[in-house]
Each structure stands twice: as C-alpha cells, then as structure tokens.
Amino acid sequence: MPRLRANPTADPSDDPRSDLELIDAVNAGPPGSAPAFEALYLRHRDYAIRIAMRFAGERELALDAVQDSFVYFYKKFPGFTLTAKLTTFLYPVLKHNALAAKQKAKRTQGDLSDEMLQGQPDTDRGTDPAHADAPGDLPAVLAALPDAQREVLVLRFVDGLALEEIADALGIPLGTVKTRIHHAIRKLREDPIAKKHFAP
Amino acid sequence: MPHDEEQFDTLPETIVDALRGLDGPAVLPDAERDADVLSGARLHLATRPPNRKRRNLKLFIGGSVGGGLAAAAMLGVAFILSDPNADEGLPMADLAEQNTLPTLAEEAPNSQSLTAARGDIDGSGSIDILDAYALARRLEQGQAGELDLNNDGQTNQRDIDWIANQVVALNSGEQG
C-alpha cells in the first residue's frame, strides 16, 4: 500500500529531528508545522495501529481509533508541551479511542455483553474463539490473566517501556505497576503450563 | 510489598513471544486515512497562530543586551496592556495598510522571503514585541546576521529599539 507523501522526494518519517524538536516545529506554526506533524504521524502511526489493534481487536475499528487519536493530537497545537515520551502520551488516547470504537461497534450490532457494560473490553480474551481453540496453551494462560496485569506485562516486555513510562501511560503510581507485574509473574510461575518456561 | 527487581527486566523469551502473539497479525496502514489525518492537520495548523512562548522571555533579561531588553520589555507591557488582541499579533494586512513597515517584497523583489515583513524576526507573520526579544536572543548568540533594520550599517541594540519603536508606533496609531 503506498504511503502518503506530501513531497515524493522526501520521507518525513526519516526526519532526523527528535520528537521534541518536531513538536517545537509544529508549535512554531507555518510553514514548518505541517511537515513536522506529518513526520510525527508517519513515525508513530504503525505503533499507534498496533496499540489500537490490541484493544479494538478489528482492523477497521483500530484504524478509526488511530485517526481519532491523531486528530485529538493535532488539535492540541499550538501550545502542546511534551512532558514524557510521545508514545506515552499517545498510549492512553489510543486505548480510550479503541475501546470506545469497540463498544460503539458492539452497540451497533446489538451485542451488549457484560464486558461492555463494565467497561472492561478485554476480559473476553480467555473465551475468545481464537484462544478457546487451544485451551491450556501459553497464549490462553496469558489471555486469562487479569487485563490490568497482562497490560503491564505487554507494555514492559513487548513494547519495552520503562516502569516509569508505564506508570505515566496508565496514570498509575510506579508501585502499582511493580505490583501488577509481580502478581502477573507469580501467577505465571504457579501455572502448570507457564511455569515450564521459567528457569528452575 | 518487596519486589525482586530482576523480575521487572527479564521474562522468558517464549512468554514474551506469546504475549506478542496476543496482538495478532500486523495491520497495514490505510492511505486514505493517512490523507484524512494529514489534510485535517494541515488545515488546523494553517489556521492557528503559532505558539508564543512568553514564559521563556524572562530568561533573556540580564544578558549582554539587558538594557535594550528592559526597554523593550517596558514597551511590550504597555503594548500588551493596551491591546486586547495582543495574543493575535498584528496581521500582515494591517501592517501593509498602514504602510509603516515596508515588506521585503517591496524592498527586495528578488528576496526569497517575499512574505516576511521587515522586522518579523520570528516569522510569525506579524511584528510585535516578541520580535524584539527574538532579535535580542540572536544578538546574544551571535546569530543576528544582517538584520540591519534601521539601516545604520550594523546589527545591534539599535535594531531592537527600532522594532520596539515600530510596535509602539503601530499601537498608538491603532488607538488614535
């Protein structure tokens, strides 16, 4: 699929400027603001799609969430100040929009589940047909973890966020992040399937 | 609750792979949505005034051109207090209408910055007291180049004063 380019001879996603420098350029206004935002968008779009997919579960819903999130982002300008990594800023926005898109889709389909009413959309992963096909395997064990615990594991070990960044992204204390990881790993170590993967 | 710090940094690779697998296959971006987002951003950013970092201005006071800055600051305060639309700056159209500040287009038809007004140091599209600060900062950093605004053959504090005077003159003209 072709990538959008304002200038086909340049690749904004390869812009050597840091996120912070690009944000300063967007804040500075025309003529540099639009190219700087485009560079930010192209740099973080794929990450955004991955995070949105994680919560929305469907491509179209995830793309909706990504679009809404970047609209929210550019409307912060001028005047946006980055206090952490941009991915840390984007994460809760993407999560919120992805969950909202998923709930809206379910509502449209008339499929009001208990999960949706409680605002905990990922609790059905353990009973999701994709996971139920392989009961007892490692993905099913991970899917059965409480959402909050699985989320910090993914952020730490898949996305590679530092503990402090996870705390920022989720808006929770650092100690809570550590506790959730601790409990998640303890459950995995106690699980008859998952514990085989840990060194004795 | 005490934690073994190592548990926060290491997890068996097979478990990490399984966690990664929960995300499902990678989703390709959509060019149409890219276009929607970027065109929306362009429109939004083109119609918003640039962010003016007034909070950083105090950092400049006390520098090698402190006297000029202090004078510019006083003029700036007067300007801001008297102008309810100070945040908006002075539109280029207004400047041209008053014909007090010739644009580069008028003075140097071959210039590459034909849309910039003389004295618009920060490129905001208007001339206000922030341009005086911007020039002061450039002077401090030795990056003023050839911004000889008062045509005395030098770029120095008098050029800062020139901007400040222009701003006050414009402001007085508006009030009158």
Side-chain angles (χ1 to χ4, degrees), chain A residues 1-4 6 24 26-31 33-34 37-38 41-42 45-46 49-50 52-54 57 59 62-64 66-67 70-71 73-75 77-80 125 130-131 137-139 141-143 150 153-154 156-158 163 175 177-179 181-182 185-186 188 194 197-199, chain B residues 1-56 87 89 112-113 115-116 120 122-126 130 134:
Chain A
M1 183 172 298
R3 302 177 84 185
L4 184 71
D24 282 347
V26 180
N27 273 325
S33 55
F37 182 84
E38 183 171 346
Y41 175 75
L42 292 175
R45 178 194 54 192
D46 292 350
I49 291 175
R50 187 159 51 85
M53 222 7 229
R54 189 177 293 166
R59 179 176 187 271
L63 292 176
D64 282 347
V66 170
Q67 186 168 348
F70 277 100
V71 169
F73 179 38
Y74 73 61
K75 285 186 175 177
F77 291 96
F80 177 73
R125 272 193 166 143
H131 298 294
D137 62 9
L138 191 54
V141 172
L142 294 170
R150 187 177 56 252
L153 281 186
V154 171
R156 179 72 189 103
F157 297 106
V158 176
L163 297 174
V177 175
K178 290 184 173 182
T179 300
I181 292 178
H182 174 76
I185 292 179
R186 191 182 67 185
L188 293 176
H197 297 271
F198 287 90
Chain B
M1 176 183 299
H3 299 301
D4 171 15
E5 294 296 318
E6 189 181 346
Q7 68 183 318
F8 304 126
D9 294 326
T10 59
L11 196 64
E13 194 57 36
T14 49
I15 294 181
V16 174
D17 286 343
L19 281 171
R20 196 174 287 120
L22 293 179
D23 279 348
V27 171
L28 292 174
D30 182 277
E32 199 170 318
R33 288 174 186 270
D34 288 348
D36 286 346
V37 170
L38 295 177
S39 62
R42 273 191 287 271
L43 182 63
H44 174 81
L45 295 170
T47 55
R48 295 294 184 280
N51 188 34
R52 315 308 294 263
K53 294 186 175 178
R54 292 178 190 278
R55 59 191 169 83
N56 290 335
D87 277 339
Q112 292 182 344
S113 303
T115 58
D120 181 17
D122 59 5
S124 65
S126 62
L130 294 177

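Bear in mind that the values here come from a model prediction, so they are computed numbers and not experimental data. Throughout, protein chains are lettered first and strands after them, A, B, ... in sequence-line order, and every chain is numbered starting at 1.
- Of the inter-residue distances, the one linking A:Gln67 atom CD with B:Glu32 atom CD reads 9.0 Å to the nearest 0.5 angstrom.
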Inset, instruction - For the pair A:His197 and B:Leu11, evaluate side chain to side chain contact (heavy atoms under 4.5 Å, CB included) and give the outcome as yes or no after the intermediate values. - result: CA-CA 9 Å; A:His197 297 271; B:Leu11 196 64; over 6 Å; no
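- Both the backbone and the side chain of A:Leu63 come within less than 4.5 Å of a heavy atom in chain B.
- The parts of A:Phe198 that come within reach of chain B are both its backbone and its side chain, each placing non-hydrogen atoms under 4.5 angstrom from that chain.
- In this structure, A:Phe157 has no ring pair (Phe, Tyr, Trp, His ring centres under 6.0 Å) partners at least two apart in sequence or on a different chain.
- Using a 4.5 Å cut-off between heavy atoms, B:Ala26 does not touch chain A at all.
- A search for salt bridge (Lys or Arg N to Asp or Glu O under 4.0 Å) contacts involving A:Arg50 returns A:Asp159, not counting sequence neighbours.
- B:His44 places a side-chain N or O within donor-acceptor distance of the main-chain N or O of A:Phe77, the cut-off being under 3.5 Å.
- Within the 4.5 angstrom heavy-atom criterion, no atom of B:Asp17 approaches chain A.
- Of the listed residues (B:Gly24, B:Ala18, B:Ala46, B:Pro12), the one with the most heavy-atom contacts under 4.5 Å to chain A is B:Pro12.
- A heavy-atom distance below 4.5 Å is found between the side chains of B:Asp34 and A:Arg45.
- Between B:Leu38 and A:Phe37, the closest side-chain pair of non-hydrogen atoms falls below 4.5 Å.
- A distance of 8.5 Å separates CG of B:Leu45 from OH of A:Tyr74, quoted to the nearest 0.5 Å.
- Listed options A:Val66, A:Val154, A:Val158 were ranked by heavy-atom pairs under 4.5 angstrom with chain B; first place goes to A:Val158.
- Side-chain contact between B:Leu22 and A:Arg150: present, with at least one pair of heavy atoms (C-beta onward) separated by less than 4.5 Å.
- For a residue to count as touching a neighbouring chain, one of its non-hydrogen atoms must lie under 4.5 Å from one of that chain's; by this rule A:Ile49 touches chain B with the side chain only.
- Here the CZ-CZ distance, from A:Arg156 to B:Phe8, works out to 9.5 Å after rounding to the nearest 0.5 Å.
- Distance check, rounded to the nearest 0.5 Å: CG of A:Leu153 to CD1 of B:Ile15 gives 9.0 Å.
- Side-chain contact between A:Arg59 and B:Asp30: present, with at least one pair of heavy atoms (C-beta onward) separated by less than 4.5 Å.
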